Amino acid sequence: MNAGKLHQGSDRSNLRLWAAQTMLCAFAALFLLFSPSTAMAQTFTADWTNLGLGSFQGVPSGASVAAGPRTVTITHQQITDGGPFTNNYGTEMVNYFNGTIGSQTGTLLYTMDNDTFDPDDRFETIYTFDANVTNLAFVVDHVDRATSPRHDGVTIEYDTGTGTWLNIRSVPTTFSLGSVVGTTTLSGVQGFHGTGSAGNQFGTNGNISVDFGTISVQRVRITYHFGQDEPGDPSGPAQYIGLSDFTFQAAGTPISDLSLSKSVSNTTPVAGSTINYTLNLTNNGPVAETNVQVQDILPTGFSFTGSSGFGTYSTGTSLWTVPNIASGQTRSITITGTVTAPAGVTITNFAEVFSQTNFDTDSTPGNGSTNEDDDDSASFTVQGTRTAGTPPNFNAICPIANQTLLDWNSTGITWTSGTLNNSYTLTNIGTIDFALSNTGGTYDDGSPEDNTNNTGGLAATEQSLYQNLQFDNRTQVATTVITLPTAVPSVQFTVFDIDFAANDFADKLTVTGSFDGATVMPTLTNGVVNYVIGNVAIGDGGSNSDSANGNVVVTFSSPVDTITIEYGNASTAPANPDGQAISIHDINFCNPTTTLSVTKISSVISDPVNGTTDPKSIPGATIQYCILISNAGSATASSISATDTIPGNLTYTAASMQSGSNCGSAATAEDDDNTGADENDPFGASISGAVLTATAASLGPAEGYALTFQVTVD
């Protein structure tokens with residue numbers, strides 16, 4: 001691998017930085033220092049590589065690095081009293097650099113271009129541990145003075161947790177200096193400065209080696225002073241110093257070494273059979289652990305039926321809770337379920353230690369790793385051969401004459417590249433809204449956009465709504481919500497390129513619908529390189545963008561007014577998936593229809609003999625009727641009018657009409673004429689002679705209009 005380099009000529013005036021090809025990380029060994037019964041201090045490293053920055057990328061103030069049981073937070077500020085100064089390399093005054101400065105690789109690079117010398121111009125960085133540490137050691141690299149007017153100055157202070165800054169110059173045993181580093185006073189603070197050239201970037205004569213030994217430290221302040229006692233322009237494009245990783249000890253840190261194994265009882269089951277997963281957790285460390293949690297997100301294709309063993313497993317959290325595990329002890333649990341995956345599918349299930357009380361020496365809980373000893377996986381392959389499914393015949397669900405197509409190749413159906421919201425108006429349907437969002441990751445490759453990047457085995461000119469995503473983890477999803485102005489009886493469309501690439505991604509497509517607020521489940525039909533379980537399709541093989549192998553056909557055969565498409569990764573994807581893409585092809589709608597029905601029911605309220613106790617329909621009895629008009633269709637019905645003629649042996653009870661959405665809730669009074677505000681609130685009712693008329697301006701899908709009234713038996 002090629003580390004980043006700092007180039008210079010005969011003097012520092014020609015020095016320039018160039019970006020690294022790859023990153024070379026510095027790792028420090030971890031040393032276990034404990035007796036068989038007691039955990040003692042261990043050496044840890046705050047590795048600047050773990051900031052997750054590219055070479056020459058600026059370190060934001062407030063950035064943090066986890067280092068064993070501690071976290072180091074970096075804050076910084078510029079302090080100026082003279083002419084302006086700026087960062088020369090990278091995007092900040094302090095940047096991550098994957099190359100070598102002095103003898104240190106993967107450093108923090110301080111850079112400066114100061115156009116006018118002022119003794120108070122400086123750049124201050126503070127490194128704060130979340131708790132005190134001992135044996136803190138690091139190296140400030142390449143503090144020197146060039147023949148051209150460039151002159152480095154550094155002050156190093158520390159805080160033991162009292163809030164007071166102390167100077168390492170007061171404790172000579174804490175530092176050693178290279179041959180071109182001397183002591184001086186900078187802005188009234190004792191510090192160090194370069195007295196000669198340290199040579200090229202790999203020279204060590206300009207190093208300041210710091211080791212606090214047994215001194216307990218919580219904060220370190222390193223201040224870079226620029227152009228010390230140099231006249232004119234003291235800097236130029238070449239003034240820099242480096243800072244190595246921090247090493248330290250955290251006394252009394254309890255040490256554990258948990259390892260996990262996972263196995264499956266049958267690696268070649270048939271669909272519908274029962275299998276068991278067994279998890280074994282072992283404590284190889286010197287002290288007991290308590291309240292360990294192991295995450296096992298059961299895969300699609302395995303339906304949980306129960307668990308047995310030590311501790312408890314929750315399907316809600318996907319966590320196996322282990323209350324205690326002694327040193328040298330193994331705890332086990334068996335998770336039982338039914339194979340629901342179809343034939344030919346390989347199901348891989350990962351499990352990992354999610355949280356633990358003590359510090360683990362060789363793994364990090366909950367980091368999504370698949371190659372540490374605190375995680376493991378088990379796989380089974382369902383017996384049989386998989387073929388592409390046959391989707392429902394949409395023409396049999398909805399006659400061709402009653403269909404409307406949203407065609408991405410049609411004039412007027414366009415998607416502006418990168419936008420997340422668009423609307424389209426279709427004849428017979430109305431205005432359809434598309435809203436895209438994601439829970440993390442980023443859209444890439446100009447998407448979202450309608451293009452021909454995926455064609456699903458159709459013509460090379462066939463367009464579709466393309467979405468290319470860069471996800472950071474398996475849990476992130478991109479969501480497309482399609483909202484219809486009114487419900488439609490059925491819908492069918494195809495999603496292209498649901499597939500899989502080893503160590504890259506594992507497409508997971510989840511589709512749901514709703515109708516009047518109730519969930520509607522579609523039928524998903526698989527391609528050759530994906531499988532379907534319920535409303536979820538998962539890729540497990542590779543497919544080209546112009547192949548039908550990755551197609552998934554989505555069919556709603558019952559009314560739907562909202563469609564939600566979620567796209568992400570299955571558990572077989574790596575912890576940090578690479579780029580992946582899908583395309584939503586043309587959407588075929590069955591045109592909205594109305595289906596009105598009328599129901600009439602009656603009940604005896606009272607009679608002259610029995611009153612309200614078990615009344616009978618005898619002369620003088622009061623009877624209540626309810627007329628219910630319902631719309632079971634997917635479209636909104638308008639200008640509804642219904643009439644009912646009262647029989648000759650019944651007499652209408654004046655002012656007894658009441659309206660509502662159903663018979664039980666009809667409580668809005670309607671007067672007997674056909675005028676006034678009550679005629680459209682939102683229902684109307686009137687009587688003329690023996691004819692009752694009920695009206696409604698509109699009835700949406702699944703809505704109803706009820707009219708109740710009373711009569712007397714003659």
Side-chain angles (χ1 to χ4, degrees), residues 297 300 318 406 408 413-424 431-451 453-454 456 463-485 487-488 491-500 505-525 530 532-539 550-556 560-573 576-587 589:
I297 301 175
T300 303
S318 299
L406 188 154
W408 294 106
I413 305 295
T414 61
W415 190 287
T416 302
S417 177
T419 59
L420 300 180
N421 295 274
N422 280 290
S423 298
Y424 308 98
T431 301
I432 302 171
D433 295 323
F434 284 74
L436 277 59
S437 62
N438 61 69
T439 60
T442 56
Y443 291 98
D444 201 1
D445 198 19
S447 75
E449 155 178 76
D450 57 328
N451 60 30
N453 287 10
N454 291 319
Q463 295 184 177
S464 53
L465 179 56
Y466 173 75
Q467 299 179 51
N468 186 309
L469 278 302
Q470 296 279 347
F471 291 116
D472 299 323
N473 58 60
R474 301 186 199 104
T475 64
Q476 295 174 341
V477 296
T479 302
T480 301
V481 178
I482 305 171
T483 304
L484 308 179
V488 295
V491 180
Q492 188 174 72
F493 58 92
T494 302
V495 180
F496 297 154
D497 208 23
I498 301 300
D499 63 347
F500 168 87
F505 62 85
D507 285 340
K508 180 179 180 180
L509 179 75
T510 305
V511 185
T512 55
S514 64
F515 173 55
D516 197 31
T519 300
V520 179
M521 301 301 284
T523 298
L524 268 58
T525 305
N530 52 59
V532 168
I533 299 173
N535 66 325
V536 177
I538 294 176
N551 290 357
V552 173
V553 180
V554 180
T555 307
F556 287 93
V560 62
D561 54 36
T562 304
I563 299 170
T564 301
I565 303 167
E566 287 189 348
Y567 175 56
N569 280 277
S571 61
T572 45
N576 185 358
D578 202 352
Q580 56 198 100
I582 61 166
S583 292
I584 301 171
H585 190 233
D586 302 342
I587 305 175
F589 300 97

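None of these values were measured; they are calculated from a predicted model.
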Do you know which two heavy atoms are closest between Tyr466 and Ala581, and how far apart they sit?
CE1-CB, 3.6 Å
Under 3.5 Å, is there a donor-acceptor pair between the side chain of Gln476 and the main chain of Gly441?
yes
May I ask you to check whether Asp433 and Ser423 show a side-chain donor-acceptor distance below 3.5 Å?
yes
Chi angles and distances behind the side chain to side chain contact (heavy atoms under 4.5 Å, CB included) call for Asp507, Phe500:
CA-CA 6 Å; Asp507 285 340; Phe500 168 87; over 6 Å; no
Gly568 versus Val477, closest heavy-atom pair with distance:
CA-CG1, 4.3 Å
Let me confirm one number: the CD1-CZ distance from Ile482 to Phe589, rounded to the nearest 0.5 Å.
6.5 Å
Ala478 versus Leu469, closest heavy-atom pair with distance
CB-CG, 3.9 Å
Given Val488, Asp561, Thr562, Leu484, the one that forms side chain to side chain contact (heavy atoms under 4.5 Å, CB included) with Phe515:
Asp561
Within the structure provided, determine whether Ile563 and Val511 are in side-chain contact (heavy-atom separation under 4.5 Å).
yes
Could you give the distance from CG (Asp499) to CG (Asn530), rounded to the nearest 0.5 Å?
8.0 Å
On a heavy-atom basis, the closest approach of Ile538 and Ala570 is CG2-CB, 3.7 Å
I'd like to check Phe493 versus Ile565 (side-chain heavy atoms, cut-off strictly below 4.5 Å). Are they in contact?
yes
Working to the nearest 0.5 angstrom, can you tell me the gap between Asp444 CG and Asn468 CG?
5.0 Å
Note, Thr525 side chain near Val532 side chain (heavy atom, < 4.5 Å)
no
Got a second to check how far Thr483's OG1 is from Ile432's CD1, nearest 0.5 Å?
10.0 Å
Between Asn454 and Asp497, is there a donor-acceptor pair closer than 3.5 Å when you use the side chain of the first and the backbone of the second?
no
What I'd like to find out is whether the side chain of Phe496 reaches to under 4.5 Å of the side chain of Ile582, using heavy atoms alone.
no
Check Leu509 against Leu524 and note the closest heavy-atom contact, atom names and distance.
O-CD2, 4.4 Å
About how many Å separate OG of Ser464 and NE2 of His585, when rounded to the nearest 0.5 Å?
6.0 Å
Heavy-atom distance under 4.5 Å between the side chains of Val553 and Gln492, does that happen here?
yes
Just verifying a value: how many Å separate Tyr567 OH and Lys508 NZ, rounded to the nearest 0.5 Å?
13.0 Å
Answer with yes or no whether the side chains of Thr480 and Gln467 bring together a donor and an acceptor at under 3.5 Å.
yes
Measure from the side-chain N and O atoms of Asp445 to the backbone N and O of Ser447, and report whether any donor-acceptor pair falls under 3.5 Å.
no
Let me see the working for Asn551 and Val495 under side chain to side chain contact (heavy atoms under 4.5 Å, CB included), right down to the final yes or no.
CA-CA 6 Å; Asn551 290 357; Val495 180; over 6 Å; no
Could you check whether any side-chain heavy atom of Pro577 comes within less than 4.5 Å of a side-chain heavy atom of Asn569, counting everything from C-beta outward?
yes
Short side-chain donor-acceptor distance under 3.5 Å, Thr442 and Gln470
no
Minimal heavy-atom distance between Leu436 and Trp415, with the atoms involved, is CD1-CH2, 3.6 Å
Flag the pair Leu465 / Ser583 as yes when at least one side-chain heavy-atom distance between them is below 4.5 Å, and no otherwise.
no
Between Trp408 and Tyr424, how do the two ring planes meet: parallel, tilted or perpendicular, split at 30° and 60°?
perpendicular
Is there a side-chain contact between Asp578 and Gln580, using heavy atoms and a 4.5 Å cut-off?
no
